[in-house]
Every structure is written in C-alpha cells, then in structure tokens.
Q: 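Handing you a structure now.
Every chain is numbered from 1, with letters handed out A, B, ... down the list of sequences.
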Protein chains: 2
Amino acid sequence: MEISHTEENYLKAIFKISERKGKPASTNAISKAMETSAASVTDMVKRLSEKELIHYERYRGATLTENGARIATHLIRKHRLWEVFLVNNLHFSWDEVHEIAEQLEHIKSPQLVERLDEFLGNPKFDPHGDPIPDADGNFTFRKQALLSDLGEGETGAVVGVQDHTTAFLQYLDRMQLVLGTRIEVLERFEYDESVKVKISGEREQLLSKKVSQNLFIQREAV
Amino acid sequence: MEISHTEENYLKAIFKISERKGKPASTNAISKAMETSAASVTDMVKRLSEKELIHYERYRGATLTENGARIATHLIRKHRLWEVFLVNNLHFSWDEVHEIAEQLEHIKSPQLVERLDEFLGNPKFDPHGDPIPDADGNFTFRKQALLSDLGEGETGAVVGVQDHTTAFLQYLDRMQLVLGTRIEVLERFEYDESVKVKISGEREQLLSKKVSQNLFIQREAV
DNA sequence: AATAAATTTTAGCAAAGTCTTAAAAAAGAC
DNA sequence: GTCTTTTTTAAGACTTTGCTAAAATTTATT
C-alpha cells in the first residue's frame, strides 16, 4: 500500500500530538500542526483510517494503529539519523538541519536507513538530544529534568532541548551551551524565576525562566 | 518557480537524449525514456516550454534552455554525488545505488550538495565512472575508448561502463572487473568479435563482443 | 511527386491527491 | 440547559499527471 509524503506527515503529527497529550490527537490539534483546515484533516483521517494506519471515531480524535505507529517511529528514526549525519559529517549547525531532514526522512529504502545507522555508529540521540528509536521502534529512555527543576547546588549536563526553534538554538550557541556542557545551579531567584548557573565550571551566567524551562539536564552526582 | 519531481525527471531525460543524439529530443524518445505515452510527453513539453526550461517547437523536439540545462546538470551532480556516498561510505555495491540516488537527487538544499561534495572529497567520477559535473555544471572530460576499440597488445584501465544495467554490473563484479582494473588485449577474434584479455596482469579471460562494447577503457602507455 | 508509414499533436476525458467554504451536527463549558 | 467551540458533512475545486482516439504533420518509399 502506497503512503504519500503528506500522509506520512500526518502520521508523524498524530504520533507527536497523542504522545505529548497522552490521549487521541484532536482534529483541531492536527490541523494546527499541519497548517491546514479542520475539514481537510477530517478528510485525511478518514483515508488513514481506511488504510488502517489510525484508529478514528467521529468526534473522538485519532490514535495510531500498530502499523501506523511503526511507520511514524520509522520516520522519526530516519529524520533523526539524517540530522546526526548533517551535523556530524556535513558540519551543519543544529538549527539548520530540520528542514533538510524533513525531506530526507521520506526517502524509501530500508537498507539505506540501516546502513546509515551503522555508518553513524548507531547513535542513540540526535543533535538536539532527542532519542533515536531503534529499528524496532524502541526509544532509549533517559532520566532528565528541566533546568528549572534543579535546586541550588545541583549539577548536571545539558542533554537536550524542549524548544526546537531556531531562535532558541541560536541563543544557546551564543551562550556556548551545547549538548554535554556541564552546569551547576548557583542561585535561584524567586522573583522572576531566573537562575544563576556556572557553565563548564568556568563562567557564571544568569539564565531566564524561559531558557531554564526549555533546557533538559541530566543530574550528576556531585 | 516550483518544479515537480516529474518535471525534473523529464528535464534529465531530455538532457541525456539530446546529448546522446546531438540533436533535439524527440517526443517518442522522451516517451520511451519516461515510460509514458507520446501524448503525455507533448503535454509536459508544453508546460516545460512555458516555464522556459526547454525550447520546443511542434514536431521539432525539445532542447534545454540555459536554465533547464542548469537544473538538469545539477540533478545529475546530485545523483552522482549521492551514488559516491552510498558506495564509499555506506558500502552499497554499484548495482544497488541507482534507485536510491534517484530519490536523493530530488532533495532541495543548495548547501547540502556542496557540503556533501566536500565531505566526499570533491570526487570527479561516480562509482560507474561517469563524470560528476561541478557546481557550475562543467563535466570533467576524459579520453576513453570502448574495449572493443582497442587493438591487440594495447593496455588500459577500466574507467567506466556504457551499459548501467544491474545484469551487466553484476557480471563485471563476478569477473572482478572493477573501476581501475588493468586490462591488456591479448587477442581479438574476428569471428564473433570476442576478445581475449589479461586482467590485472594475472589471469586471462575471454570477453564477448557485448561486454567489450560496454566497457570504457583509458589507454595506457605500455 | 504521390502515397504509405511513422511520428506528433489535439481534444476530450479521468483519476489521485489535497484542499476549501459554508452549513449542520455533536460535544464541552458555564 | 443554553451557549460556545469543535468537528463533520456536503459540494466542489484545483493541480498534476496520465490516457485513448482521431487528426495533423513529417518522413520514408516507391
């Protein structure tokens, strides 16, 4: 059964929405993600339902079938592997790779993905710290917290971002906050929920509430 | 101006046909290459002509405009660069890469191509020995002959194939005739135009007319 | 040059894929 | 239980690409 690029993108959107919300993806949520009208979404979910890629009941939203989930995670796998390639081998920065990977993820060749994975050394996380599912669709889970959840004195390493916008990623670049950077929470200011941190054990920096709520940290024993 | 994948493939076909024949690509030739009806081709060439990607006059065939040629050579550049990547880095064999490269060549990102080129070490030829045009669309020209053109006693190296079919490529693999292999013509048999050669200075092998007419050789001073 | 054969174009139509607006129906909020 | 929001239906449109059959044109043959 042929699946178009658009259909694939719908599946990915439904996957992400229903995962984030912990419940079926609503028509409105999908239409927002896909930047299209609610009516178009209803059309599409009917088609995806007929192809048995999603479970769909009128007014109840959509969840992926086993088959649909397999396709969606495989897309995410491809997307993230290509991002690793683009950053590690072609020296793109982490804010430039999304659009290109968005195209590359639609290349159809089972062999290609597995060989790419091997070539890259079977990475478990992409350049933004997001987990790369394995060929069976299993994600590596990592215990991580937002910087905003760390108490004074706690230390950890930057392992990912919640906000994937170019603006945020470029901001982090300017702050030299790349994946793996060590961070120690020196002081928390209740007034504006900003936080003073020590970066790489070298320099002190004040980070805003917004930044601290979008940076994933893996705690370290001190 | 948006150009669809199909349109891009037509441009490539027109490029190859008019280059090979040294004159405009006829409707029939295009329809054969694209595996579609002549009527569909007429439809498409009209559209390409309106977009000023080809010169087209009724009953006269099609040639590429400067713009069309730029797009076509760029597609060929992308195709061949990806083939190099697939063979050199992902360890595909030369008969497996065409279909995948056929997809990859449609990825749109000027930066990607240039970085890929650099990553691969600016290769001038693809795994089948075909020249890779540079960013300006210039092909490296190489003085090469068909094995069938070599006289007894002449030596050279395998530098390319004319026939790109899987069958031929796999046949060459079995004969251990890869790019760069040295070949000496020992004897030519007029009867069936077969030729006895010495491969890599080691083993003797009889090659058929068909094989010798599809293998490009670069002559060597003996 | 006239005729036959081959090629190419035109005309008309079709199907997939995706989207839209406007109105109706259902669900959720107060 | 009414009001608001969400979702669906209905009807259709548009693009892209393709097809067949018949007409027009070019090329080849006698």
Side-chain angles (χ1 to χ4, degrees), chain A residues 1-14 17-18 20-64 68 71-72 75 102-103 105-106 108, chain B residues 1-14 17-18 20-64 68 71-72 75 102-103 105-106 108:
Chain A
M1 179 191 36
E2 277 308 296
I3 301 177
S4 72
H5 287 194
T6 311
E7 288 173 331
E8 288 190 337
N9 287 334
Y10 269 91
L11 290 179
K12 238 189 356 164
I14 293 167
I17 293 164
S18 55
R20 170 154 35 87
K21 300 247 174 93
K23 56 182 180 186
S26 73
T27 300
N28 247 13
I30 299 170
S31 78
K32 215 171 124 192
M34 297 297 295
E35 295 182 302
T36 184
S37 73
S40 302
V41 173
T42 304
D43 253 24
M44 180 57 96
V45 293
K46 277 186 195 159
R47 244 179 303 145
L48 292 175
S49 183
E50 259 160 41
K51 292 189 174 186
E52 298 190 13
L53 297 170
I54 63 173
H55 297 294
Y56 166 67
E57 257 185 294
R58 274 154 56 264
Y59 298 102
R60 287 278 132 77
T63 54
L64 298 177
I71 293 170
L75 281 167
E102 206 68 14
Q103 295 182 60
E105 74 187 5
H106 295 295
K108 280 171 182 65
Chain B
M1 179 193 34
E2 278 307 296
I3 300 177
S4 72
H5 287 193
T6 311
E7 288 173 330
E8 288 190 338
N9 287 334
Y10 269 92
L11 291 178
K12 240 189 355 165
I14 293 166
I17 293 164
S18 55
R20 170 155 34 88
K21 300 248 175 90
K23 57 181 180 185
S26 73
T27 301
N28 248 12
I30 299 170
S31 79
K32 214 170 124 192
M34 298 296 295
E35 296 184 298
T36 185
S37 74
S40 302
V41 173
T42 304
D43 257 21
M44 180 57 95
V45 291
K46 276 186 196 159
R47 245 178 303 144
L48 293 175
S49 182
E50 258 160 43
K51 292 189 175 185
E52 298 190 15
L53 297 170
I54 63 173
H55 298 294
Y56 166 65
E57 257 186 294
R58 274 154 55 267
Y59 298 103
R60 288 278 131 76
T63 54
L64 298 177
I71 293 170
L75 281 167
E102 206 68 15
Q103 296 181 60
E105 74 187 3
H106 296 293
K108 279 171 182 67

Q: Mind checking what makes salt bridge (Lys or Arg N to Asp or Glu O under 4.0 Å) contact with B/Glu52, not counting sequence neighbours?
A: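 Salt bridge (Lys or Arg N to Asp or Glu O under 4.0 Å) check on B/Glu52 returns nothing, list empty.
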Q: I'd like a table of donor-acceptor pairs (distance under 3.5 Å, sequence neighbours excluded) in which one partner is a side-chain atom from residues 55-64 of chain B, with atom names and distances.
A:
none

Q: Can you run down the salt bridge (charged side-chain N to carboxylate O under 4.0 Å, His left out) pairs that involve residues 20-47 of chain A, sequence neighbours left out, and say none if there aren't any?
A: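 As it turns out, there is no salt bridge (charged side-chain N to carboxylate O under 4.0 Å, His left out) pair with a partner in residues 20-47 of chain A once direct neighbours are skipped.
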Q: Nearest 0.5 Å, what's the CG-CG distance between A/Leu11 and A/Leu53?
A: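 These two atoms lie 5.5 Å from each other.
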Q: Which two nucleotides bound the region of DNA chain C that has atoms under 4.0 Å from heavy atoms of chain A, read 5' to 3'?
A: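 Boundary nucleotides touching chain A, in 5' to 3' order, are C/dG17 to C/dA27.
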Q: Find the distance between CD1 (B/Ile54) and CD1 (B/Ile71) and round it off to the nearest 0.5 Å.
A: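 B/Ile54 atom CD1 to B/Ile71 atom CD1 measures 11.5 Å (nearest 0.5 Å).
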Q: In chain order, what residues pass the side chain to side chain contact (heavy atoms under 4.5 Å, CB included) check against A/Ala39, with sequence neighbours excluded?
A: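 Per chain and number, A/Ala39 pairs via side chain to side chain contact (heavy atoms under 4.5 Å, CB included) with A/Ser37.
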Q: List the residues meeting side chain to side chain contact (heavy atoms under 4.5 Å, CB included) with A/Gln103, not counting sequence neighbours, and say none if there are none.
A: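 Testing A/Gln103 for side chain to side chain contact (heavy atoms under 4.5 Å, CB included), a comparison that skips the adjacent residues, returns B/Ile107, B/Lys108.
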Q: Just by protein heavy atoms under 4.0 Å, how would nucleotides 7-18 of chain D read 5' to 3' in B, S and -?
A: BBB-------BB
